[in-house]
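Structure, as structure tokens:
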Amino acid sequence: MFNYIIRRLLIALPVLLGVTFLNFVLINLAPGDPVDMYVNPDVTEEDKQIRREALGLNDPFMIRYFKWLANLLQGDLGHSFSSFQPVTAMIAERIGPTLLLVGASILFGYLIAIPIGIYCAVKSGSKFDYLMSTGSLLGVSIPNFFLGLGLIYIFGVLLGILPTGGMNSMGGSGGFWDTLTHLILPTITLGTSISGGMIRYVRSSVIEVLGQEYLRTARAKGMKEFIVINKHALKNALIPLITIAGLDIPILIGGAVITETIFQWNGMGQLTIQAIFSRDFPLLMGVNMLAALSVLAANLWSDVMYAVVDPRIKYS
Amino acid sequence: QGEGAGTAVGAASGGNASQANQLTIGITNPPLMFNPIDSDGSGSSGAVFTYRYFFDSLIKTTGPLQFELQLAESFETEDNQTFKIALHPDANWTDGTPITAEDVEFTINLIANPKTITTQRSAIFSLDGLNEKGMLPEGKDKLESIKVIDDKHLELRTKTPVDPNLVYERFSDVLIVPKHILSEVNPAELNQNPFWRSPNVTSGPYTFVKYENKSYVELAANPDYYRGAPKIKKVFIKIMPAANMVAQLESGELDMNAAQGVGNIPATEWSTVKSIESLKTLEEQTRRYNSIEINTERFPDKKVRQALAYAIDRQMIVDQLMPGTGELQDGPYSNSHPYHDENILKYSYDPELAKQMLAEAGFDMNAPIELIVPTGDRTREMAGNIIQQNFQAIGLKVNQVNFDFPTTVSKLVSGDFDLALSSFGSIIDPDGPATVYRSTAALNDMRYNNPEVDALFDAGMAETDPVKRGEIYDKLQNLIQEDVPLITVYSEFNLMAIGEDINGKGGVVDGMHYDVNTWERR
Amino acid sequence: MAQVPSYEVDSYWRMIRQRFMQHKLAVAGLIIMGLLILVGIFAPLIAPYDPNAIIGAFSAPPSGAHWLGTDQVGRDVLSRLIYATRVSLAVGVITVILYVLIGTVVGAIAGYVGGWVDMLINRIIDVFMSFPSMMVILVLVTVLGTGLSNIIIVLALLGWPAVARLVRGSVLSLRQTEFVRAGIALGFSSPRLIFGHILPNAMGPILVNATFGAAAAILSESSLSFLGMGVQPPAASWGNMLNAAQSITALTTQPWLWIPPGLVIILSVLSINFIGDGIRDAMDSRRTGV
Amino acid sequence: MSTLQMNKKEIITAATPLLQLESVHKYYSIKKGLFSKTIGHIKAVDGVDLTVFPGETVGLVGESGCGKSTLGRSIVKLEEVSTGKVLFEGKDLAPLPLGQMRGIRRDLQMIFQDPYSSLNPRKRVVDLMTEPLKVLRGMTDGEALQQASWLMEIVGLPLSSLGKYPHEFSGGQRQRIGIARAVALKPKLIVCDEPVSALDVSIQAQILNLLKDLQQEFNLTYLFIGHGLGSVKYMSDRIAVMYLGKIVEFASAKALFQHPKHPYTKALLDAYPVPNPHLRNKERILLQGDVPSPAAPPTGCRFHTRCPLANHKCKEEEPVLTNNGSEQNHHYACHYPLISNPIVRTREEGALYV
Amino acid sequence: MNDLLTVRELKTNFRTETGEVTSVDDVSFSLQEGETLCIVGESGCGKSVTSLSILRLLGRSGYISHGSIRFQDKELAELPEHELIKLRGKDIAMIFQDPMSSLNPVFTIGNQLIEVIRMHLDLNAKQAKEHAITLLKQVGFSRAEQILGQYPHTLSGGMKQRVMIAMALACKPKLLIADEPTTALDVTIQAQILQLIKDIRSEYGTSIMLITHDLGVVAEMADRIIVMYAGQVVEEGEVFELFDHPAHPYTNGLMESIPHIEMDDVKLRSIQGSVPSLQEMPSGCRFMKRCTRAGERCHSLPPLTEIKAGHKVRCWYPIMPDNLSKIEG
Ligand SMILES: Nc1ncnc2c1ncn2[C@@H]1O[C@H](COP(=O)(O)OP(=O)(O)OP(=O)(O)O)[C@@H](O)[C@H]1O
Ligand SMILES: Nc1ncnc2c1ncn2[C@@H]1O[C@H](COP(=O)(O)OP(=O)(O)OP(=O)(O)O)[C@@H](O)[C@H]1O
Ligand SMILES: [Mg+2]
Ligand SMILES: [Mg+2]
């Protein structure tokens, strides 16, 4: 197992290298010069040159990439072009909120999806199943921003019972409840699409398992239906779910861009947009690098979890 | 209903009692760092708005050609060349050290240092001893034109005599930074200094408390402020998209918007905002206008450019897109600019004339023309749509392309465009438009080159008498307007909404900070 | 020699069709999509006005002349909605066709050829799949610029790895099936086996993936447009029409600006998803026994 | 019936072999570790010599996993053999590149075990039948169609079947289609990999009879793989018994069943339940345990771990396949072959289970 | 000896997409204490459904539409679910065809074995574990403790089937239903398992209902045989009688169509055609279309009639001893 993980990590390295290089090419291909952005009429061409030199933009393309790589090896992602803060610090500041939002959304989505999915599967073909299957498709079909704006309008503006954005109230000491109230709407927004897909996934996964012979064995042994479903069927059905859950995280980190924007949730998504609009190359490299890492980590996690929860799979 | 709707916020911060003594302001552009030496990068203009609360300048512009003394107790000149400055005797940094002439000298020298990355260089350009790039010459680390007399007194000397208003206006952008904190810093790495992320030694009416999660900046009243401790104990500057601003103004989560380009309320929302009873509203003219830049290398014929100007139904744009929130703009000086010529030539909507002029000029009507519209400003995007339709209506093959801001800028800078919608602002001094219309100007994307115009700008600068300057600039603006290197279209008002219960007045770019220590809440 | 009887037409597809027809919502989805496609094709005939022309009062509520009112620039909302159908459907359909083609070919090659080719393709797929999509979409759109064709290219660029992986998996498992072995034993060439025998059997999942992909592409385009990075005005797309909803004024007092495009997005995405669902059910091998 | 038998025997001794396997090995590598290092091999086929003469049927039996299918697939080149020669009409197929196999494939066909997965579900029977004819024999559509119709008749399917898809048929009918397709090319040798084990009892006989009929009609040679001893015996002239990748006994069907020499063969025969209740309590060898893993086959005689007769010699020395000098074509690989009277060990004498 | 189980006129239906199907139609038989009853028949003839009907394990779409199933003094067809659950695995145990998929892959052998023990027997965890070990030893595992902690996939097919048997024996059931317990196994392993079942019968006196399609296994194991065809019992009789004098043409055909090693070069007689599908079941004799002896009367369904003591056949023209072509002994 340990060897397996090491091996996977070694394989991940060239992939990561490829990702960073592709990223670097892409980012540098983008039209727009970070220095030209200083459209302040008072900034002279000389000033721009000084800035360009300071940012290292005068080096040839490949040199810049290798410099970036060399710094990376020392754990340094460089300084942002716009805030001059270390990129690592900027990311560190944003990763928490994103993980909180994504985590809460996954939790919310799964908490809704798993029981409903199981119930749909057990009662497949029933009215409830039909309703939920249809409803879950609706969940994945509503654009996030549409749902988000709708929620803001209803709960923030019309009813005025929940904050319309931000992560904490100002001036307050913050605290759990405060964060929670701010978390509710974005979580529902993001969680709805997650649960939509998840319900269908759980449902088909459970239906698949329900057709397995070992359940008949369990029934023939005199197990109560409750145990048959919740012990024998569920564990098998949940194995793919655990792996899927891992894979959801990176998708959500990217997918949360819109939700973060709507609710001014200052996470990675917001940071990315900001970096794009200001052509903040180091920041963009850092963000994408982290995102790629999270994908690779998620893949590894899901494979390892597979081995942990499914005794049939053993990696050597 | 605003009070009631704010329950979530109110409850969390301990009820309405404390709210009474705080002020929440909405801005759209998040500050990146609070460095007054290097401020105006993209997206960081939110910083300018914010650090004005805790960094003071010597003098402050509070309206067109109106100045108030801030850190300076006096700022005078007799010969329009030597400026004598006395600092406020009670002005101290928040750590208790007095603000001295050395701090002022240090700040100016920092800006003048060729290693410093700064956006402020032109604020001090008139001082003597700078080279042609506006920097300290090689081998020098101090400007000799600054003379520190004692702790609270100093003198500045300009290269040539200038209109003192120009110096006052420029110096109102020079915020004084603490020498005793920053003296050891390498100018080349100034930006990376952590001080700019939580400046704890400041001079203004408020002190910086924290920048929470990049979602709001918390400020607290500076009890020892030399011009009197602020009455409102806390200020929150909250970052949000423009669309949310209206909702939060309505729900009472916001007391006011910053306006001034960093916290604008979209024109389409203005009627909604005006209908909110808990708010008082204010529209004020700005010195910024939106215009169509014309690449004069691709449209060398003045007549064609004029025809384009006649083709646009600017009145409709103003009436429909910004009813009551904007105005028609003619000429390089904005309507509110003190040097604006009322009688300047106006290109009124006349499509027939436009067609005729194009025909006379022998313009190839089938040539494809690209109109670049930068994204990000909804009103401007819509104006772009209308303009494109106007051009099409007279038979021009105009194709609208939208780019994000950085792409637009790089296209403009490299001259890779036909027509482009963009906005320009200007300082109050009539030399402001020189940054756009001078043949060598940084922002002259149009490649406009009229030696006569350049000469007039030179003459205007050399002249110190405001009346005579006025004459020069009248001539200048009429010349430019006839050449139409860019078609001025409209100018939007600064739209302000402030809670009815607040005594105090926003508005006039940065002016609101001057007396913010006297604001109070009922 | 006996007369060879005339054959029944493709009974497999007939069976799939029958099963699909039993899925009422899928059929409804199909009808709605059919109508939308017709609307897209015949937009110039149906639309009452030029979608980009400023013809009425600005932000006027629905009236006899303008059934869905006019937008903030005085254009007919209904006409824009009709023309936007073209854009959004093009994004959905062309994107998917593009990336399914790329993904299928690449995946089939990887799966069938195997060895270092497979290994290389797999790593490339890994690299592509290691970008969280929304972020790369944003970066790519910035690089290539906004606009319909670029959006399609970007979405296609990100879509193919998933299809390639899917096809590769199918090919790998189908390669082990006895009918492919039988084909090899019969001496069929590799291209014949890949394209004539393996790929048709992998069609089911590809088709399902493509359908859901089309729905996702339409959603992505609308999200991008919402961020102002999608199809650019004056061209109308459902997403950029919805941009209006970013204004509280429009949200509260001008519902005609955002409800129609919003509903059409949800309706079309839902319809496509239903169709995908129907196809998946109809092709479910447990039910067809094929 | 017996004349036919005679004729066959004569042919067999006279003719040159159609297929000759010489020391065929097929190893699958087991990969492991950081860089997918090969740490071992599954010795699926581990040194097999076998001759098949034109016109005869050679049966191949053995427990599941002993390498029968692998061997069969190696012959038709669905697998590359690791080492050894596969001589078909005297030509070694093993080193041939796949491209050059095309022409040979016509003469060398295979019928698969699972009639459900061996037909492409997306193709109609007519396409399944005519495609090889068109591709490999260059027939026109019309010719191929005629041929296909004729073959349908031969394998006893109605003509209307041509327009249908495989899933519309029962297992037996599908197997007929598979057979028709293999026969269509008029091959010389057909490898039948358990062609009836997926079929219903009542259908098996139909298929076996069909195979027999076709053999006579087209003068086919079969390598018949199966683990139902009954059907193998019914079909085969000679039978090879495989155990863990090796052939342990190879003899005429009659000899093998009447006088098995290898204890494994005997055990297989004993384990086979005879559908005759009167024989139910006969005494027999009952094997213990499972087949060892082909990744780590036992030393010496591979069967020694389960053999009731094994001693230290069996453990150390590997017996070779030989007929021990007798002129009979009865080959076996055992140090202690069973003499005419079979030894008997009842279950009371030995541990039966793991 | 007493009847342990009596099935009368059992009819089991399934609701399917294409409509309702009857897969077991009017099946009656009984099973005595200590007896081994074999049910033979081709795939799909209703063997499994018959056995599953006894414990009502038909899934959501299947149900018993008619008939009675008496087990001791209980009517299983009508017993409430919670009562039936107590019976399952305790008085009546089942083992299934495919040991690979009959064990839950994500639980250890011990978990699955102890689960059933604790469900039905009043034992604490420790006692249950000991009992489990005893059981595993009984079915031939020498290292039983170790097996308890293993997962199913680490065992071979034969070992899994033995685990299944151990599980079935946990509560010393009165009836063991084995649904093709050896079909998925090799002959050598099959011989081991069959021997094990024989041992169990002699040791516990358990009645056994053995389902198979292999006449060899039947000959080896059965006391009595039921031959099923297309959902119906077509012949029933004591093992020797049935093998020596099969009366139904189908039974006879089956016996003649199976090649076996004791047989010399005789040509196989195959049964033509194939089983009718459930959807298009003929109203008369269901074997008629494939039968060489079919006549006029076959258009109506023949009843199951006793032609000799204990030998019943469902045929209008049964093969009588004088004209039957006997298989070689
Ligand atoms: N592609 C492969 N990779 C690795 N091992 C394989 C492969 N194919 C077969 N084997 C192994 O080779 C051995 C022989 O397999 P083979 O299929 O030839 O057995 P068989 O005698 O045909 O068995 P059965 O009666 O079950 O069909 C088995 O242990 C099997 O697991
Ligand atoms: N859940 C079900 N739904 C519909 N039909 C079913 C279901 N289960 C069984 N059947 C049908 O009932 C008939 C009898 O099936 P059963 O499983 O009893 O056959 P069997 O004799 O056990 O065959 P095999 O030897 O293949 O196990 C079959 O035609 C089958 O298709
Ligand atoms: Mg095999
Ligand atoms: Mg069965």
Side-chain angles (χ1 to χ4, degrees), chain A residues 30-34 36-48 50-51 54-55 79-86 93-94 97 149 152-153 156-157 160-175 177-178 181-182 261-262 264-266 270-271 274 276-279, chain B residues 4-9 12-14 18 22 24 30 32-33 40-44 114-115 117-123 133-135 188 191-192 196-197 212-216 218 234 236 238-241 244 247-248 250-251 253 403-407 409-411 413 425 432 435-436 442-443:
Chain A
D33 182 335
D36 278 344
M37 305 271 302
Y38 288 78
V39 286
N40 185 331
D42 297 337
V43 176
T44 61
E45 189 50 43
E46 283 76 25
D47 280 326
K48 287 187 185 173
I50 294 172
R51 195 178 292 272
L55 300 181
H79 283 76
S80 154
F81 280 2
S82 43
S83 76
F84 295 88
Q85 229 180 319
E93 203 175 47
R94 301 298 189 107
L149 288 175
I152 289 180
Y153 181 60
V157 179
I161 49 174
L162 286 171
T164 55
M167 299 195 288
N168 326 83
S169 322
M170 290 150 322
S173 47
W177 287 111
D178 183 44
T181 50
H182 284 81
T261 307
I262 295 171
Q264 306 123 56
W265 192 268
N266 286 315
Q270 288 271 72
L271 193 66
Q274 182 192 317
I276 288 173
F277 280 133
S278 59
R279 300 292 189 271
Chain B
T7 45
V9 179
S13 52
S18 72
Q22 68 183 42
T24 309
L32 297 174
M33 57 175 175
D40 209 6
S42 76
S44 67
K115 292 214 195 75
I117 301 177
T118 175
T119 50
Q120 300 303 109
R121 205 124 21 211
S122 53
K133 293 177 185 165
M135 301 173 190
N191 273 332
Q192 292 172 19
W196 305 125
R197 278 181 277 289
E212 181 76 6
N213 280 331
K214 299 280 180 283
S215 62
Y216 66 86
E218 183 177 338
K234 273 185 183 289
F236 294 96
K238 198 174 170 188
I239 300 126
M240 65 188 61
N244 297 48
Q248 299 207 4
E250 181 163 14
S251 71
E253 286 168 88
F403 293 117
D404 72 346
F405 187 65
T407 311
V409 172
S410 81
K411 292 238 173 210
V413 168
T435 56
V436 179
L443 300 184

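So you know, we letter chains A, B, ... as the sequences are listed, proteins then strands, and number each from 1. These values consider heavy atoms only, across backbone and side chains, with no hydrogens, waters or symmetry-generated copies. Small disclaimer: the values here were computed from a predicted structure and weren't measured.
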Query - Pair B:Gln248, B:Lys238: side-chain N/O donor-acceptor within cut-off below 3.5 Å - result: yes
Query raised in the report: Looking only at heavy atoms, which two atoms of B:Ser410 and A:Pro31 are closest? And how far apart?
Result: OG-C, 4.3 Å
Query - A:Glu93: partners by salt bridge (charged side-chain N to carboxylate O under 4.0 Å, His left out), with sequence neighbours left out - result: B:Lys214
Query raised in the report: Taking every heavy-atom pair that is under 4.5 Å apart, which of B:Thr118, B:Ile117, B:Asn191 has the most such pairs with chain A?
Result: B:Asn191
Report summary line: When the 4.5 angstrom heavy-atom criterion is applied to A:Gln270 and chain B, the contacting part is neither
Query raised in the report: In chain order, what residues pass the side-chain hydrogen bond (donor to acceptor under 3.5 Å, both in side chains) check against A:Arg279, with sequence neighbours excluded?
Result: B:Asp404, B:Thr407
Requested in this report: Sort A:Thr261 into side chain, backbone, both or neither according to what part of it lies under 4.5 angstrom from a heavy atom of chain B.
Outcome: backbone
Report task. State, to 0.1 Å, how close A:Ser83 and B:Leu32 come at their nearest heavy-atom pair, and which atoms those are. Result -> CB-CB, 3.7 Å
Requested in this report: Identify which part of A:Leu271 has an atom lying under 4.5 Å from any heavy atom of chain B, answering side chain, backbone, both or neither.
Outcome: neither
**Report entry** Proximity breakdown for B:Gln192 and chain A, heavy-atom pairs closer than 4.5 Å
**Finding:** both
Query raised in the report: Where does B:Lys115 contact chain A at under 4.5 Å (heavy atoms): side chain, backbone, both or neither?
Result: backbone
